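Encoded as structure tokens, the structure appears first; notes follow it.
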Number of protein chains: 2
Amino acid sequence: MGQDGRHRRARSTITDVAKAARVHPSTVSRALSAQPGHILRPETRARVVAAADRLGYRPSALARSLRLRRTLTLGMLVPDIANTFLAGIIKGAEEAAHERGYALVLCNTGDLPEREATYIRVLREREVDGVLVASTRMADATVDGMRADRFPFVLVNRGAGGTDDLVVTVDNIAAAAAVVDHLVSLGHTRIAHVAGPRSTTTGAERAAGVVAAARRHGVHAEIVEAETWSEAEGYRAASQLFRGEPPTAAFGANDLLALGVLRAAREAGLAVPADLALAGFNDTPEAVLADLTTIHVAQEEMGAHAARLLIARLEGEPIAERNVVLAAALVVRGSTAAGIVRRRIA
Amino acid sequence: MGQDGRHRRARSTITDVAKAARVHPSTVSRALSAQPGHILRPETRARVVAAADRLGYRPSALARSLRLRRTLTLGMLVPDIANTFLAGIIKGAEEAAHERGYALVLCNTGDLPEREATYIRVLREREVDGVLVASTRMADATVDGMRADRFPFVLVNRGAGGTDDLVVTVDNIAAAAAVVDHLVSLGHTRIAHVAGPRSTTTGAERAAGVVAAARRHGVHAEIVEAETWSEAEGYRAASQLFRGEPPTAAFGANDLLALGVLRAAREAGLAVPADLALAGFNDTPEAVLADLTTIHVAQEEMGAHAARLLIARLEGEPIAERNVVLAAALVVRGSTAAGIVRRRIA
DNA sequence: CCACCAACGGAAATCGTTTGCGGTCTCGCG
DNA sequence: CGCGAGACCGCAAACGATTTCCGTTGGTGG
């Protein structure tokens with residue numbers, strides 16, 4: 001190992017290999033890339049390969065991308081890496097991308113439109129082949145820009161109103177309605193919904209699902225809109241809710257909001273599920289931990305699906321569905337258990 | 001915007017801008033990069049700038065990197081994106097990197113050495129300027145390789161035995177000892193430690209801290225080594241522990257292991273903290289949720305610190321400490337509360 | 001023995017930037 | 001009016017790969 005300990009060893013280039021193997025650089029290229037059209041004498045190829053790994057040669061992806069006009073890289077915009085729901089999506093996307101030889105560059109937008117715009121600019125300067133966007137708003141200038149430029153992108157989890165976009169989501173309306181159905185079946189008639197921001201499709205659709213289902217059952221649903229998707233906002237919204245006569249059931253538009261409601265409920269002395277039935281959305285690890293009834297979303301599959309869809313678009317493969325709606329299922333846990341007085345965890 | 005709706009608009013290059021502004025490409029380059037040495041007639045510069053944004057010109061980071069021999073990109077190897085502890089580190093690293101104009105490419109190794117090797121190869125082909133490694137083992141061929149090539153890297157969270165590496169960690173021995181001190185102070189004398197894999201510095205050091213502290217207090221510490229850092233392994237290890245006479249206190253080498261122990265305890269009918277005091281390590285969001293006593297680690301700071309250290313190394317800035325040890329603090333929560341009979345969560 | 005063809009591999013152009021070098025122009029001063 | 005000093009900016013050579021286009025071999029069939 002590194003016997004030239006002194007200074008950083010220079011990267012060897014295709015020319016170095018060519019010299020070492022006494023062939024032309026073009027021959028090195030042919031020997032190393034297993035393209036079908038390349039016919040090389042086995043002996044020549046062997047000599048090149050030998051020289052290549054004697055020198056520890058690694059082709060420069062930079063130079064190759066410049067010439068080939070593609071980087072085999074995908075960008076991905078997420079509102080928050082530390083959100084476990086998104087982490088699942090990212091993981092699925094990363095693996096699917098890697099499987100097809102693409103790398104993934106992650107960008108944390110913090111759900112801020114201007115950071116989103118900045119990152120898209122950076123990604124496009126870096127010439128990523130396409131991007132996965134998990135942080136869209138409904139009216140989103142960044143997405144409009146990509147649409148206008150016909151720059152390849154896929155929307156994940158949240159849509160953006162456009163009818164022609166490639167999108168991977170779940171059926172939010174049906175899922176939210178399923179939660180309400182479940183709560184009503186337990187006998188609840190005063191249901192609160194802590195909605196996500198209406199500026200996002202997920203927030204708007206889930207609230208719409210709640211409203212529709214409530215109307216169908218003839219029960220009252222009170223909607224409070226949170227400003228962000230965070231636990232803190234769930235707490236804030238719930239504290240406000242509990243000031244008056246508290247509802248008997250609450251449904252957070254995602255698990256974090258529901259956990260915020262849980263914290264507020266505990267502080268208000270409301271026991272879950274005895275005094276307040278509680279449900280969330282996404283089925284993150286936290287939901288499992290808090291024994292929270294929620295909607296299960298196949299996170300990794302969602303990410304993987306989105307990545308594969310984008311790659312299919314990039315490679316010009318036929319696209320079966322432009323608008324993929326994954327199945328989501330109600331998972332009933334202790335937080336809405338009927339007849340159970342109290343459960344303990346710790 | 002995009003009035004040529006038909007086909008993908010070709011990216012405009014520096015040459016296009018040069019033509020449009022009736023200058024040489026080199027002049028465009030000078031006009032657009034605010035280097036101190038470049039003297040341009042204001043009028044010329046204005047003409048170039050105008051042409052550039054009329055054409056929506058964006059310099060190709062690819063071509064620039066090729067020429068400049070640096071990509072302003074960092075790679076980062078993590079065992080699992082979906083792990084909230086790592087998510088915090090990643091977030092901190094990503095932000096610090098972005099602040100200094102670097103992008104971050106994430107790679108999920110799944111804690112598998114061969115995937116680690118593959119990813120390092122990919123990253124180096126892409127000519128990232130350096131990498132952050134959060135998934136090292138103690139004897140790690142990949143790290144050895146980078147050391148030998150003098151390729152810039154920083155180890156985060158886990159070290160790798162090398163004395164000369166750039167490393168950002170916490171004082172695992174002291175922190176683990178603090179947990180034992182705390183448990184002993186509550187009167188526990190039969191303490192179990194579910195250790196992380198000894199092949200990692202974190203696993204080995206925390207176990208060592210436990211052993212040392214136990215000896216110092218003259219109490220018995222039983223060590224069970226988990227094979228991975230997962231909740232499932234914690235559960236498995238604990239189930240095994242509980243077969244005989246169960247200990248009165250258990251300490252998981254990270255929060256996930258501790259949560260696994262919690263699940264096993266519940267199944268074994270042991271109440272926490274009444275029958276079993278429980279502690280973890282890292283202070284992840286899950287620990288807060290489960291009201292788990294743990295060691296607080298400043299995750300984002302750790303990631304940010306590591307990124308800044310790497311960038312300092314890359315830019316040839318002076319490096320104060322090669323081996324940064326961040327402070328960690330014991331956070332006492334309900335899972336080790338003295339005198340509390342039972343707490344409920346849901 | 002010659003012609004022809006396939007197989008092989010060299011030369012050079014290209015991808016989009018940056019930058020050292022030096023040419024031209026403008027100005028001010030003697 | 002001549003000359004030197006800057007100022008400004010064009011030229012061309014990199015950076016490291018891929019690929020098209022040919023020229024050269026060597027073998028084979030007539």
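Computed from a predicted structure; not experimentally measured. Reckoned from all heavy atoms, side chains included, excluding hydrogens, waters and symmetry mates. First the proteins, then the strands, lettered A, B, ... as listed; each starts at 1.
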Using atom [atom1] of [X] as one end and atom [atom2] of [N] as the other, report the distance to the nearest whole Å.
| X | N | atom1 | atom2 | value |
| --- | --- | --- | --- | --- |
| Ile39(B) | dG6(D) | CD1 | P | 11 Å |
| Arg126(A) | dT17(C) | CZ | P | 15 Å |
| Arg47(B) | dC9(D) | CZ | C1' | 11 Å |
| Leu62(B) | dA14(D) | CG | C1' | 17 Å |
| Arg69(A) | dT19(D) | CZ | C1' | 14 Å |
| Leu55(A) | dA17(D) | CG | P | 12 Å |
| Asp16(A) | dG16(D) | CG | C1' | 10 Å |
| Leu66(A) | dG16(C) | CG | P | 7 Å |

What nucleic acid atoms does [X] come within less than 4.0 Å of, heavy atoms only: base, sugar-phosphate, or nothing?
| X | result |
| --- | --- |
| Arg58(B) | sugar-phosphate |
| Leu40(B) | sugar-phosphate |
| Val28(A) | nothing |
| Arg70(A) | nothing |

- prompt: Pick the nucleotide of DNA chain C nearest each of Val23(A) and Glu127(A); which residue has the one closer to the 5' end?
  reply: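 Here Val23(A) is the residue nearer the 5' end.
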Qualifying side chain to side chain donor-acceptor pair (under 3.5 Å) pairs with a residue from residues 51-64 of chain B, counting only residues at least two apart or across chains: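 Listed once each, the pairs are Glu127(A)-Ser60(B).
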task: Only counting residues at least two apart or in another chain, list the ones meeting side-chain hydrogen bond (donor to acceptor under 3.5 Å, both in side chains) with Asp144(A).
output: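 Only Arg147(A) meet the side-chain hydrogen bond (donor to acceptor under 3.5 Å, both in side chains) criterion with Asp144(A).
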field: Base versus backbone protein contacts along nucleotides 19-28 of chain C [heavy-atom cut-off under 4.0 Å; B, S, -]
entry: BB--------
message: Listing request: all salt bridge (Lys or Arg N to Asp or Glu O under 4.0 Å) pairs with a residue in residues 101-119 of chain A, at least two apart in sequence or in separate chains.
response: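 Every salt bridge (Lys or Arg N to Asp or Glu O under 4.0 Å) pair that includes a residue of residues 101-119 of chain A, provided the two are not neighbours, is Asp111(A)-Arg137(A), Asp111(A)-Arg158(A).
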task: For residues 108-146 of chain A, pull every pair meeting ring pair (Phe, Tyr, Trp, His ring centres under 6.0 Å), keeping only residues two or more places apart or in separate chains.
output: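 Pairs touching residues 108-146 of chain A that pass the test: Tyr119(A)-His98(B).
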- prompt: Are Glu94(A) and Arg100(A) ion-paired here, with the side-chain N under 4.0 Å from a carboxylate O?
  reply: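 Here Glu94(A) does not pair with Arg100(A) in a salt bridge, since their nearest N and O are not under 4.0 Å apart.
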Pairs of donor and acceptor atoms involving the side chains of residues 14-28 of chain A, under 3.5 Å and at least two apart or interchain, shall be tabulated with distances.
from, atom 1, to, atom 2, distance (Å)
Asp16(A), OD2, Thr13(A), N, 2.8
His24(A), ND1, Ser26(A), N, 3.2
His24(A), ND1, Ser26(A), OG, 3.0
Ser26(A), OG, Arg30(A), NH2, 3.3

task: Choose from dA17(D), dG16(C), dC8(D) the nucleotide whose nearest atom is closest to any side-chain atom of Arg41(B).
output: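 Nearest nucleotide to the side chain: dC8(D).
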message: If you only use heavy atoms from C-beta on, which nucleotide in dG10(C), dA17(D), dC9(D) is closest to the side chain of Thr44(B)?
response: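 Of the candidates, dC9(D) comes closest.
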Heavy-atom pair of closest approach, residues Val48(A) and Ala31(A):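 It is CG1-CB, 3.6 Å.
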